[in-house]
2 protein chains.
Amino acid sequence: MKMSGGVEWGLHCCVVLSGAGAPVTAAKLAELHDVSQSYLAKQLQLLSRAGLVRSTLGQSGGYVLTRAANEITVLDVVEAIDGVEPAFRCTEVRQRGPMAVPAERCDTPCPIARTMDSADRVWRESLRRVTIADLIADVNRTTPPEILAGAREWLRA
Amino acid sequence: MKMSGGVEWGLHCCVVLSGAGAPVTAAKLAELHDVSQSYLAKQLQLLSRAGLVRSTLGQSGGYVLTRAANEITVLDVVEAIDGVEPAFRCTEVRQRGPMAVPAERCDTPCPIARTMDSADRVWRESLRRVTIADLIADVNRTTPPEILAGAREWLRA
DNA sequence: CTTGACTCGGACAACTGTTGTCCGAATAGA
DNA sequence: TCTATTCGGACAACAGTTGTCCGAGTCAAG
Ligand code: SF4
Ligand code: SF4
């Protein structure tokens, strides 16, 4: 039960991209976060496949958000990088073994699968309620302004 | 983002153990579910470490639940087998790189970590609300009685 | 009491999924 | 036209999970 570590990087990148109006290259983002440049590229690829960011090739290229910050939820980023399939996968144990339940009686999902599905649903719903804009607002409130300005200047260079 | 598949087996075992008053061996449980006998033993070991079941050695030994079925939650089983640490682990990216935030300004947790923690909390809370007794009640309501009686008889033999 | 067979417990490999890396295709600008 | 720069997907290294095994300890029977 471990979420992909790239989710954290993806969220940070979305926050940074929202702040900078110009395209930002993967190399810049990697240096800013001090993480592997190649691996971050893979995560950005996933975001691009999901349609959250749009990549511009060639000189002065980079990544830009496709939508406004308040239209991108944390769940979008999580599902783009970590996948959409739920953590719990039923293997239909009750249809195996000597006391197997016949398949025609398995029309209704069992209580275990329903419980897990419900928990997964509230988890996703909780993540869907927070948008990138909310994160940005909180970051702006809690981090010193001089650091924010410095980061924006460093990105432009 | 994948939960350990043993969680499903552990829950099934708890349901079965609650139905049978006498100790049940790991071999019986494995044959009933048609799963690897040795691997199920490992999951039962985890349950034993967590204090959910008590093992009796020697002849006519096996596993028994330590508490009543309505005092064991699904979350207990999940945490016993899959671990208690949350899926999201913050690597403190903001304290690295050229635009690092000084450590003394990192006293309050960042919004990303708070969002993930909140989602994990509601997920666990949802699992805590369901007990093994609830699962048993649902199973008794949805499965044909003859199969239940047959399984109980097969366990006794 | 002795014996005996049966039980769980932890230590030991094999496999899938994640992490990390690389170079080629495509593009914008000069 | 040409070049420097960018992303994109294909290629290894690592870790965690899955699966297996045999020995220490124990209860019941004789
Ligand atoms: S009884 Fe439920 S948890 Fe078990 S195999 Fe069937 S659907 Fe999955
Ligand atoms: S800003 Fe939040 S998510 Fe990012 S490293 Fe710090 S605590 Fe973790």
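Lettering of chains follows the sequences in order, A, B, ..., and the numbering in each one begins at 1. Just so we're clear, the structure is a prediction, and the values are computed from it rather than from any experiment. What you see below is based on every heavy atom in this structure, not just the backbone, and it leaves out hydrogens, waters and symmetry mates.
- No more than 12 heavy atoms of other residues, nucleotides or ligands shown are found within 6.0 angstrom of CZ on B:Arg121.
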Show, in sequence, the C-alpha distance, side-chain angles and deciding distance for A:Arg128 and A:Glu125, and conclude whether the salt bridge (Lys or Arg N to Asp or Glu O under 4.0 Å) test is met. CA-CA 5 Å; A:Arg128 197 199 310 274; A:Glu125 195 57 38; 3.5 Å; yes
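- Residue contacts for A:Gly5: at a heavy-atom cut-off of 4.0 Å it reaches the sugar-phosphate backbone alone, with no base atom in range.
- Atom pair B:Glu8:CD and D:dT18:C1' shows a separation of 15 Å (rounding to whole Å applied).
- One interatomic measurement links the two molecules: CH2 of A:Trp9 to P of C:dT19, which rounds to 8 Å at whole-angstrom precision.
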Run the side-chain contact (heavy atoms from CB on, under 4.5 Å) test on B:Val74 and B:Arg129 for me, step by step, so that the C-alpha distance in whole Å, both residues' side-chain angles and the decisive distance to 0.1 Å come before the verdict. CA-CA 8 Å; B:Val74 174; B:Arg129 284 206 184 87; over 6 Å; no
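- A distance-only check finds a donor-acceptor pair linking the side chain of A:Glu8 to the backbone of B:Thr91 [under 3.5 Å].
- Rounded to an integer number of Å, the gap from B:Asp34 CG to D:dG19 P is 12 Å.
- Looking at A:Glu71 and A:Thr131, their side chains never bring a donor and an acceptor atom within 3.5 Å of each other.
- Whole-Å rounding puts the A:Leu46 CG to C:dG17 P distance at 16 Å.
- Of all the residues in residues 72-91 of chain A, not one reaches under 4.0 Å from DNA chain D with any non-hydrogen atom.
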For nucleotides 2-15 of chain D, just jot down a letter per nucleotide in 5' to 3' order: B, S or -, based on protein non-hydrogen atoms under 4.0 Å. ---BBSBBB-----
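- Listed pair A:Ser36 / C:dT19 fails the phosphate criterion, with no side-chain N or O lying under 4.0 Å from OP1 or OP2.
- B:Leu46 and B:Val64 are members of different hydrophobic clusters when ILVMFWY side chains are connected at heavy-atom separations under 4.5 Å.
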B:Glu79 and B:Arg124: CA distance, side-chain angles, deciding distance, salt bridge (Lys or Arg N to Asp or Glu O under 4.0 Å) verdict: CA-CA 9 Å; B:Glu79 286 187 340; B:Arg124 286 189 150 78; 3.0 Å; yes
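- Proximity of B:Tyr39 to the phosphate of D:dT18: a side-chain N or O atom is located under 4.0 Å from OP1 or OP2.
- Residue A:Arg89 qualifies as open at atom CZ: its count of foreign heavy atoms under 6.0 Å is 12 or below.
- The nearest whole Å value for the distance from the CD atom in A:Gln37 to the P atom in C:dC23 is 12 Å.
- Under the salt bridge (charged side-chain N to carboxylate O under 4.0 Å, His left out) criterion, no residue pair touches residues 11-24 of chain A, with sequence neighbours excluded.
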